[in-house]
*Asks:* 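Sharing a structure, written as structure tokens. Questions coming.
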Amino acid sequence: SVLTTSCAFIPLLLLPGPEGKLMMVIPLVIIFTLLISVIEAAFCLPAHLSGSNPDPYDSRIPLIGAGQKWVSEHLDWFLENRYRPFLEMCLNWRYSVVMAFVSVLLVTIGIVAFGWLKVVMFSQIEGDTASANSRFSENTPRVVTDGGIKRLEKAALSIMQDFRDPDGSAQILNVFTSYAPDGSGTVIMEFQASENRHFSGQDVVSEWRKRAGDIPEMADLDFKSTLLASGTMIDIELTSNNNEDLQRAATALKARLAEFDGLYAIKDSLQTAKQELVINLKPTGRNLGLSLEQVAGQVRQAYHGISLQNINRSDGDVAVVLRYSEADRNSLWSLENMNLVLPSGKTVPLSSVADIDYGEGASEIKHHQRHRVVRVSAKVDDAAASVGKVMTALKADFLDNLDRDFPDMRWSVAGSQKDRAEFIDFLAKAYMMALLGMYMLMAFQFRSYGQPLMVMIAIPFGVIGALAGHLIVGIDVTIWS
């Protein structure tokens, strides 16, 4: 029994990633404890039993002995008059009993599969602070970023005034605001200790999000009130060779996600865009003998420069670079009116031979197996929604129909969702090997191939009680479960 129990915990020693390192101590402690118990049972227990009282009831203290006797007699009566007839009835109706247990097991698994019981990697631990970390789109003016952070601060201060004890004492002690050089910022609310306050951090975060509303030019807003990760996410990766299909599919997916309650901060990887200029050669330019490559090369030389020579000095080489001055490089007027050299040696203004379009381009372009990839993500308010329910509905009416609306479009989960799926997949494979090891040990012990299966077939039904306990108590299923 010690070896089979150890087999059940060995897979936890092999888990990948930081989660595996965190959990490694648990199987180590349990396995060593079991081994020590074997030593105790083999060498210490016989000595203890040799000096024990042969009387099954404690005769030294009559009251305790009478209590032990009463419990033993009533337990024997229950086993003989209630439990034994019940077992006989179950054996007489064995097929019905098996089908009943299988039905209950399927219902229990359905509760998890359809999101009625939430499944998360790790349970959330309440903290004594709540924070809002903001990040804005690139090239957003400083006045806009500062205004957005001040809006978060103003919402935090209003919550600070409203979340008070009935006697008027403050439950939120302080509000701190920090501004980063890149335009991002953080606002932190400090709470009373958890045992002295009448609200949870999640209550504050939900109200904070409502009062802050939508902030212009904000690329990412992350609220956090726990000691671990900031919350669960839905992260979906769309893959296609058609950029227009990707953009339309990402827009449609964001619109569908917005219909679910409890989802916020819905965005895609196309939103984090950079300002760019697109130069297209006019027919006039081609008639003058210019190509788009020649135009791009001369523009690059004007702004990035041409290395003319290196001057050797005692402290190192000095590169001599010819390019526009810093003032001209920072001016769009200089670009539009720069002169290009024609193959004939003459010069013409850039604007006369090329069109310059102003727009935004993706700050990063991701590819997977030579296909363009766009990620669409949404953060989940665990108090109002579950990833399981949202993904079940999303697959049924949107994701499974993607190839019909957008040919050659594929989708997959990404980010923390993908990590969790890979983690569970590894755990499932490891436990299949553990079950095989347990079967081999019991087969040697029983000297039978069938009897171990009769024992092991009861293992899945243990899930019924475990998940029912989580559902009754209201605790999410975690990796510790």
*Asks:* Are the side chain of Thr251 and the backbone of Gln247 linked by a donor-acceptor contact shorter than 3.5 Å?
*Replies:*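 Looks like yes, one N/O pair under 3.5 Å.
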
*Asks:* Residues two or more places apart in sequence or in another chain: which of them pass side-chain contact (heavy atoms from CB on, under 4.5 Å) with Gln309?
*Replies:* Ile311, Val320

*Asks:* Any side-chain heavy-atom pair from Leu34 and Ser6 closer than 4.5 angstrom?
*Replies:* yes

*Asks:* Counting only N and O atoms by type, is there a donor-acceptor contact under 3.5 Å from the side chain of Lys282 to the main-chain atoms of Ser351?
*Replies:* yes

*Asks:* Which atom names give the shortest non-hydrogen contact between Phe398 and Ala249, and what distance separates them?
*Replies:*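 Smallest interatomic distance, heavy atoms only, reads CZ-O, 4.0 Å.
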
*Asks:* Closest heavy-atom contact between Leu399 and Met391?
*Replies:* CD1-CE, 4.2 Å

*Asks:* Can you list the steps and then say if Tyr303 with Asp328 is a side chain to side chain contact (heavy atoms under 4.5 Å, CB included)?
*Replies:* CA-CA 9 Å; Tyr303 281 82; Asp328 289 336; over 6 Å; no

*Asks:* So does Leu152 get a backbone contact from the side chain of Trp208, meaning a donor-acceptor N/O pair under 3.5 Å?
*Replies:*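 The answer is yes, because a donor-acceptor pair under 3.5 Å joins these two groups.
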
*Asks:* Is any NZ, NE, NH1 or NH2 atom of the basic residue among Glu207 and Arg211 found under 4.0 Å from an Asp or Glu carboxylate oxygen of the other?
*Replies:*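 Arg211 and Glu207: salt-bridged.
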
*Asks:* Asn242 side chain to Asp245 main-chain N or O, any donor-acceptor pair under 3.5 Å?
*Replies:*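 Present.
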
*Asks:* Ignoring hydrogens, what is the shortest heavy-atom contact between Asn401 and Ala396? Give both atom names and the distance.
*Replies:*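 Nearest pair, atom of Asn401 first, then Ala396: ND2-O, 3.9 Å.
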
*Asks:* Heavy-atom distance under 4.5 Å between the side chains of Val413 and Asp235, does that happen here?
*Replies:*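 In short, these two side chains do not touch, never coming nearer than 4.5 Å.
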
*Asks:* Nearest heavy-atom pair of Gly437 and Cys7: which atoms, and what distance?
*Replies:*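 Nearest pair, atom of Gly437 first, then Cys7: C-SG, 4.4 Å.
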
*Asks:* Tell me the closest heavy-atom pair linking Val341 and Leu290, and the distance in Å.
*Replies:* O-CD2, 3.9 Å

*Asks:* Rounded to the nearest 0.5 Å, how far does CZ of Phe260 lie from CD1 of Ile234?
*Replies:* 7.5 Å

*Asks:* Any chance you could lay out the side chain to side chain contact (heavy atoms under 4.5 Å, CB included) test for Leu471 and Thr108, step after step, and finish with the verdict?
*Replies:* CA-CA 10 Å; Leu471 190 63; Thr108 305; over 6 Å; no

*Asks:* Could you check whether Glu259 pairs with Arg256 (Lys NZ or Arg NE/NH1/NH2 to Asp/Glu carboxylate O, under 4.0 Å)?
*Replies:*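 Salt bridge: yes.
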
*Asks:* Does Asp146 come within less than 4.0 Å of Arg151, counting only side-chain N to carboxylate O?
*Replies:* no

*Asks:* When you compare the side chains of Glu190 and Thr129, does any donor N or O come within less than 3.5 Å of an acceptor on the partner?
*Replies:* no

